[in-house]
Amino acid sequence: MSLILSIVVDGVAYGMILFMISVGLSITMGLMRIINLAHGGFALLGGAAVHLLTTRLDVAFVPAFLVAVLAVVLVSVLLERLLYRHIYGFNELGQVLATIGIVFIMIATVNLFLGSTILPLGAPAIFTTPIDLGFRTLPFHRLVVIISGLLVLAGLWFLMEKTRFGIYLRAAVDNRVAAASLGINTPLVYLVAFALGAGLAAVGGILGAELLPIEAYYPLRYMVLFLIVVSVGGLGSISGSFLASIGLGILDTAGRYLLPGVGTIFFFVAIVVLLALRPNGLMGKAQ
Amino acid sequence: MTAPVLSTSPRRVTIALSLLIPSTCVVIGATLAFLIFPYDLSFLTRIVIMMIFVVSFDLILGQAGIATLGHAAMYGCGAYAAGLVSLHLSPDPLFGLLVGAVAGAVMAWISGLVLLRTHGITLLMISIAVTMVLQEIASQARWLTGGADGLAGITVGPLLGLFEFDFIGQVAFIYSVCVLAFVLVLCQVLIGSPFGLALRGIEGSASRMRAIGTPVYRRKVTVYVIAGAIAGIAGALAAQVTGLVGIEVFNFSLSADVMVMLILGGAGRLYGALIGTLLFMVVHHVAASIDPLNWLFVIGFMLLIVVFVLPKGLLALPGHLARLLRRTS
C-alpha cells in the first residue's frame, strides 16, 4: 500500500514538472502549428540563469528565480520577433530543422559560458527539509513542485476561460484566419502565448532541476519526453497536457519502481501503442 | 516481334548507362580523394558510410515525402546484427552486410506497419520513440549487446577471401565505396521504375494517388523496408570498419544529422544526399577540430541558413544564382 502511495506521490511530482515545462509547448504547437523542438531550451536558459545568479553572484534563490524567468521571457520575445515569426510559415520539415538549429545554438551558448557539466542551482535549504506524510517522508521541494503545478493549472484555466486574452487565444487556436478577420490582433496573441510558454518552461526547468538536472544538453536529452507529453495529451489542450503529464509521470515512476531495468522500455512501448491507436492524443481535436 | 525491341535498344542502352552516372561520379571522386588524402582514409570511409545512410533516407523523405526522426533505428539494428554475426557466427564481411540489410529491413517492416499509419507530428514522435525503445533494449540486454559498453573487438575476415583489412584502411575505404556505388545503382533503378513514380506521386499528393488506385500505405511500407535495408547496410559497414558498436547508434542526434545532411544538399535528389553529406561531415570535422566544444554553433547556424535561405538545398543554388543574374542583367 505504501509502495502505491509512494509511486503516486513521486509520479505526481514528476508529472507536475513535465506539465509546467510542456504545457507551453502544447499551446504553441496547437496555436501556431509549429513544431518547436527548442522549447526545452527555454527551461535550460532559465536553469542556467538561476545557476549563474545563485552560485556565482550570490543572489538569493527567490529573486534569482524571478529574474531568470523574466530574462527567459525577454529572450523568447526577441526570438519570436526575429526568427519564429518567419518559421510559422515553413512546412513541418523546415520547422523541425530550424528549431533544431536554434536548440543547437542555445546548447552551444550555455556550453561556451558555463561548460557541459551539471549546473547546480543554489536552492534554499528548506527545499531539502523532510516533510512527514505518515507513510513516508518527502523533501519539501516535492511539495513546492506539486503546489506550483496546481497553481499553474489554475492560473492557465483562469486565463483561458475568464479573460479576454483567453478568448482571443481560443479563437486563434480554433481558426486563425477567422479570428484575424474579426479584428483580433493575432500576431500579438501569438507573441504573448509564445512568451508565456517560454516563461512556464523556465519555471518548470528551475523547479524541476532536482529531477531533471540542468546541463548544456538538457533540451536534447529531454526533448523527446516533452514532445511525447504534448502528443499524448493532444495539441493545444491544457487539460490534455495535464492528464498526460500526470499519467506519464506515474507510469514512468511505476515502471522504475516495479520493473527496474525494463521500465523505460515498457514506458515507450505504451506510448507507441497509444499514439498508434489515437494519433491526435488523449484530448486532441481531429485536424 | 523483335523489330520494336531492336529499335528501342539504343535508348535502353543509354538508360542503362545513365543509371551508372552517379556511381561513376562517386568512384571518380573517391579515387581522387584516395590519392589526395591518403592519410585521412578512416574519415573518408566515415563519409562514404554516411552517404549510404543519407541516400537511404532520401528514398523515404526525398522520394516518398515521409518525414521521420528515427532513421537511426534501422542503422543501429544493422550495426548490432553485423557485429553479433561477426563475433559469433561468421567473420565474412559480405555475409555481415547481408545480415545487416535483413535486420534493417525487418526493423523497418515491424515499425513501419505502425508508423506509416500516422503522419505529421505523431509520425515524428513515434519514430523517435521506436529508436528510444531500441536504445533502451540495447542498454538493458547486457548479455547480448554489452550494454552501455557496446560490442567491441569485432573483426572481419578478408573480403571475398582475398583482401585483408589493413591498418591504414585502404581496403575498408575501397570496400565502402563499392557498396555505395552498388546502392546508388539500386536507388537509380528504383527511382526510375513505376514504383519510384508512384512514390513521387505520393509525395505530391497522397489522396490523389489513392484516388487513382495506388495502394498508398503498401507503397510506403515497401519503400520504408527498402530504405531500412540500405540503412542496415550502412550500419553493418560502420560496425565492420570501426570494429565496435555502441548504444549511441540509436541516438536521436544521428537521426537529426541525417535529416540535416539531406536537406542541406537537397532532398529528392541522389546528388543532393551525396553533396549534403560531404559538406556536413567536412564542416563538422573542421569545426570540431578547431574547437571541440563549440562546433554546435557552426552546425546550428548552418541549419538556420539552409532553412531560411536555401530551403531546397545546395543543389538549388545554381538555379537561384542563374535567376538572380537574369533579373539583374
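Because only heavy atoms are used, hydrogens play no part in the values below, and waters and symmetry mates are left out as well, while side chains stay in. Protein chains get the first letters and strands the later ones, always in sequence-line order, with residue 1 at the start of each.
By number of non-hydrogen pairs under 4.5 angstrom with chain A, the leading residue of B:Ile128, B:Ile263, B:Ile299 is B:Ile263. Per-residue counts of heavy-atom pairs under 4.5 Å with chain B were compared for A:Ile107, A:Leu112, A:Leu220; the largest is that of A:Leu112. For the options B:Met259, B:Gln135, B:Met302, heavy-atom pairs under 4.5 Å to chain A are most numerous at B:Met259.
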>> If you apply the rule ring pair (Phe, Tyr, Trp, His ring centres under 6.0 Å), what do you find for B:Phe308 with A:Phe90, and how did you get there?
In response: CA-CA 9 Å; B:Phe308 276 94; A:Phe90 290 169; 5.3 Å; yes
>> Set out, in order, the CA-CA distance, both residues' side-chain angles and the distance that settles side-chain contact (heavy atoms from CB on, under 4.5 Å) for A:Met20 and A:Leu200, then state yes or no.
In response: CA-CA 6 Å; A:Met20 279 187 274; A:Leu200 285 175; 5.6 Å; no
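In this structure, B:His71 contributes its side chain and B:Ser127 its backbone to no donor-acceptor pair below 3.5 Å. In this structure, the side chain of A:Tyr14 does not engage the main chain of A:Gly208 through any donor-acceptor pair within 3.5 Å.
Both the backbone and the side chain of A:Leu227 come within less than 4.5 Å of a heavy atom of chain B. Both the backbone and the side chain of B:Phe297 come within less than 4.5 Å of a heavy atom of chain A. For chain B, the nearby part of A:Val96 is the side chain; its heavy atoms alone come within less than 4.5 Å. In this structure, the portions of B:Val260 lying under 4.5 Å from any heavy atom of chain A include both its backbone and its side chain. Using a 4.5 Å cut-off between heavy atoms, B:Leu115 does not touch chain A at all. Interface remark: A:Thr99 contributes no atoms to any contact with chain B (heavy atom separation under 4.5 Å). With a 4.5 angstrom heavy-atom cutoff, B:Leu61 touches chain A only via side-chain atoms.
Relative orientation of the A:Tyr222 and A:Phe226 rings is tilted, given thresholds of 30° and 60° on the angle between their planes.
Residue A:Tyr84 is tested with A:Asn36, A:Thr28, A:Leu191, A:Leu78 for a side-chain contact (heavy atoms from CB on, under 4.5 Å); the sole match is A:Asn36.
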